[in-house]
Amino acid sequence: MSIDGLLAEIRACRVCAAALPLEPRPVLQVGAAARILIVGQAPGLRAHNSGAPFTDPSGDRLRDWLGVGPETFYDPSAFALVPMGFCYPGSAPRGGDLPPRPECAPLWRPRLEPFLAGVRLRVVLGGAALKWTTGEQDLTTAAAQWRDRPEGLFVAPHPSWRNNGWLKRNPWFEAEALGHLRAQVSAALSGPLS
Ligand code: SF4
C-alpha cells in the first residue's frame with residue numbers, strides 16, 4: 001500500500017468515534033521520505049479545527065525548540081508529525097486536554113512505521129509518546145539523559161504552556177539540551193530534501 005492509501009484509510013477511521021467529543025478528524029503529517037519524526041500526544045482543538053498539527057502556541061514553541069520555521073516544519077519531506085492519538089480527545093475536567101485515545105497507536109503505528117524508514121531523528125514529546133517509544137515511565141528522568149542518548153532520539157516535555165512549571169524547574173532543558181536538539185535537527189535536514 002502507498003502512503004497516500006494508508007493516509008486515506010486513517011482519515012476514514014471511526015474506531016473510537018463514540019468516545020470522542022467531536023467527529024473524528026485525524027490530524028497528522030507523513031511523507032515517505034521524512035527525516036525527522038515528531039511523536040506528539042494528540043491534536044488540540046485548534047489543530048482539530050485547522051486540520052494541521054501544531055497550529056497553536058505549542059507549535060510556535062516547538063518550532064522554536066527545533067530551530068525551524070513553519071515552511072520546513074510543514075514540509076512532509078522534512079518532518080513527519082505523528083501524534084499518539086490522531087483525533088482531538090476532548091478537554092479534561094481540570095483543564096488541558098484528555099490523554100490520546102488508547103486505541104489509536106496500536107491500530108495505526110505498526111502500519112505507519114514502514115513509511116518512516118528514512119527518519120534520522122525521533123523527537124518524543126510527553127509521557128505517552130515516551131512510554132510507546134522506549135518503555136520509560138518518567139519523562140523528567142528520560143529527558144535529563146539527553147547527553148547519554150544515542151544520536152537520533154531526543155526526549156522532551158510537550159511544548160504546551162501547561163509545562164511552563166516543568167521548564168522552570170528544569171532550566172537545563174532550555175539552557176543546554178535544546179542546543180543539542182537543534183544541532184541534531186540541523187544534521188538530520190542536511191542535504192537536499194526529496
Ligand atoms: S483517534 Fe485514532 S483510532 Fe480513534 S477515530 Fe481517530 S484515527 Fe481512529
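Each ligand, and each atom within it, is numbered from 1 in the order the structure gives.
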Practice problem: Check the angle between the aromatic planes of Phe73 and Phe79 and answer parallel, tilted or perpendicular using the 30° and 60° thresholds. | Solution: tilted

Quiz item: Which pair of heavy atoms, one from Gln41 and one from Pro100, lies closest together, and at what distance?
Solution: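 What the structure gives for the nearest pair is O-CG, 3.3 Å.
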
Quiz item: Are the aromatic ring centres of Trp172 and Trp166 under 6.0 angstrom apart?
Solution: yes

Quiz prompt | Polar protein atoms (N, O or S) that approach atom 6 (Fe) of ligand 1 to under 2.8 Å | solution =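 The answer, once waters are left aside, is Cys87 SG.
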
Quiz item: Under 3.5 Å, is there a donor-acceptor pair linking the side chains of Asp138 and Thr140?
Solution: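 Their side chains do not contain a donor-acceptor pair, so the 3.5 Å distance test is not met.
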
Quiz item: Is it true that atom CZ of Arg182 has more than 12 heavy atoms of other residues, nucleotides or ligands lying nearer than 6.0 Å?
Solution: yes

Quiz item: Do any N or O atoms from the side chain of Arg35 and from the backbone of Ser190 form a donor-acceptor pair under 3.5 angstrom?
Solution: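 Such a contact is found between Arg35 side chain and Ser190 backbone.
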
